[in-house]
Undergrad: 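Dumping the structure here so I can ask a few things about it.
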Amino acid sequence: GVEMKKRGRSKSTSSSDDGDSDDDDAGNGSKKLKPMNLSRSRAELEMEYKELFNVTLPGIAKSDNWPIRLNHCLMRVALDTYWQCCWYDKLDQKKGALKSMTVPQIENVIVVGEKMRTKGKSYVIDLNRQSLFYRGKQGPGGQKSIVKNKKQGQMLDS
């Protein structure tokens, strides 16, 4: 048993004293390759966009009881807010918003999403109301015709 432990330990001490730091080094190494958020590649931005709208915001929306919680609703609000109209008027709806946008546009929609994250529920309620207005619909409690997805009805109830 002791033999195994020694071998394992010597492997990690070859690069540093602390066994954990190997993983950290790998992490830092890969981080150093990309500049600090200045010029992110399209792939990085798309990952950030998806993380924000598919993971981060739905989680906050659920825990803080936002009137909209599903990723496509959160995206609708952010996209409509950025374009100041229904985003279908600006982008190729079939292709999808993300694939239709330029890099600066993706960056700006991420900024809107970040504001939704930091300003929270009352801000999102206002943006959602505005987004529905662009689409000729009422807010929550009004029309539920924005619901394209069967699961969504239960999420929209507030």
Side-chain angles (χ1 to χ4, degrees), residues 15 20-158:
S15 63
D20 291 337
S21 69
D22 272 359
D23 300 338
D24 297 345
D25 289 348
N28 293 342
S30 60
K31 272 196 196 102
K32 276 178 204 142
L33 296 178
K34 45 182 139 160
M36 288 271 303
N37 268 1
L38 289 175
S39 59
R40 285 164 297 173
S41 70
R42 181 172 186 106
E44 285 173 310
L45 283 169
E46 287 188 5
M47 276 169 57
E48 189 176 332
Y49 179 98
K50 287 173 183 166
E51 174 83 12
L52 183 62
F53 289 102
N54 293 330
V55 182
T56 308
L57 288 176
I60 297 168
K62 195 174 179 190
S63 64
D64 292 354
N65 214 18
W66 291 4
I68 53 169
R69 297 182 202 175
L70 296 182
N71 60 352
H72 55 267
C73 301
L74 295 160
M75 287 178 201
R76 164 182 59 79
V77 166
L79 289 161
D80 288 4
T81 299
Y82 169 66
W83 293 106
Q84 297 290 288
C85 64
C86 174
W87 68 266
Y88 305 158
D89 299 340
K90 301 284 184 179
L91 301 170
D92 182 345
Q93 194 182 349
K94 279 204 181 80
K95 199 170 160 190
L98 188 52
K99 286 197 174 77
S100 310
M101 286 190 285
T102 64
V103 163
Q105 289 167 350
I106 298 171
E107 286 173 333
N108 282 303
V109 174
I110 288 172
V111 168
V112 175
E114 285 296 339
K115 274 195 191 145
M116 290 164 68
R117 181 173 68 82
T118 54
K119 293 189 172 188
K121 186 175 181 176
S122 60
Y123 181 68
V124 171
I125 288 171
D126 290 343
L127 295 188
N128 183 45
R129 199 173 285 134
Q130 188 61 51
S131 165
L132 293 171
F133 172 75
Y134 293 142
R135 292 154 179 265
K137 293 171 181 163
Q138 306 159 345
Q143 239 125 312
K144 289 195 178 165
S145 54
I146 25 163
V147 182
K148 294 197 179 92
N149 173 331
K150 283 171 230 131
K151 274 189 250 162
Q152 198 176 340
Q154 81 212 25
M155 298 301 277
L156 272 181
D157 293 338
S158 41

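Atoms considered below: every heavy atom in the structure, side chains included; atoms not considered: hydrogens, waters and symmetry mates. These figures come from a predicted structure and were not determined experimentally.
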Undergrad: Taking side-chain contact (heavy atoms from CB on, under 4.5 Å) as the criterion, tell me which of Asn108, Val111, Ile106, Val77 meets it with Tyr82.
TA: Asn108
Undergrad: Of the non-hydrogen atoms in Arg42 and Leu98, which two are nearest, and what is the gap between them?
TA: NH2-O, 2.9 Å
Undergrad: What's the shortest heavy-atom distance between Ala61 and Arg69, and which atoms?
TA: CB-CA, 3.8 Å
Undergrad: Check Pro58 against Leu52 and note the closest heavy-atom contact, atom names and distance.
TA: CD-O, 3.8 Å
Undergrad: For the CD1 atom of Ile60 and the CG atom of Asn65, what is their distance to the nearest 0.5 Å?
TA: 14.0 Å
Undergrad: So do the side chains of Arg76 and Asn128 get within less than 4.5 Å of each other, counting heavy atoms only?
TA: yes
Undergrad: If you take all heavy atoms of Trp66 and Met116, which pair is closest and at what distance?
TA: CH2-O, 3.5 Å
Undergrad: Let's go through Gln105 and Trp83 carefully: what are the C-alpha distance in whole Å and the side-chain angles of both, what is the deciding distance for side-chain contact (heavy atoms from CB on, under 4.5 Å) to 0.1 Å, and is it a yes or a no?
TA: CA-CA 9 Å; Gln105 289 167 350; Trp83 293 106; 3.1 Å; yes
Undergrad: Rounded to the nearest 0.5 Å, what separates atom CG in Asn71 from atom OG1 in Thr56?
TA: 12.0 Å
Undergrad: Measure the spacing between CG of Asn54 and CE of Met47 and express it to the nearest 0.5 Å.
TA: 12.5 Å
Undergrad: Does Tyr88 have Arg135 sitting over its ring (NZ/CZ under 6.0 Å from centre, angle to axis within 45°)?
TA: yes
Undergrad: Nearest 0.5 angstrom please: Lys90 NZ to Ser100 OG, how far?
TA: 13.5 Å
Undergrad: If you round to the nearest 0.5 Å, how far is OG of Ser122 from CG of Asp64?
TA: 11.0 Å
Undergrad: To the nearest 0.5 Å, how far apart are SG in Cys85 and OH in Tyr134?
TA: 7.5 Å
Undergrad: Is there a side-chain contact (heavy atoms from CB on, under 4.5 Å) between Thr81 and Gln130? Walk through the geometry before answering.
TA: CA-CA 8 Å; Thr81 299; Gln130 188 61 51; over 6 Å; no
Undergrad: Just by distance, no angles: are the side chains of Ser131 and Asp80 close enough, under 3.5 Å, to form a donor-acceptor pair?
TA: yes
Undergrad: Treating Glu46 as the side-chain partner and Ala43 as the backbone partner, does any N or O pair qualify as donor plus acceptor under 3.5 Å?
TA: no
Undergrad: For the residue pair Tyr49 and Ile110, what are the closest heavy atoms and their distance?
TA: N-CD1, 3.9 Å
Undergrad: Do the non-hydrogen side-chain atoms of Trp87 and Met75 ever get within less than 4.5 Å of each other?
TA: no
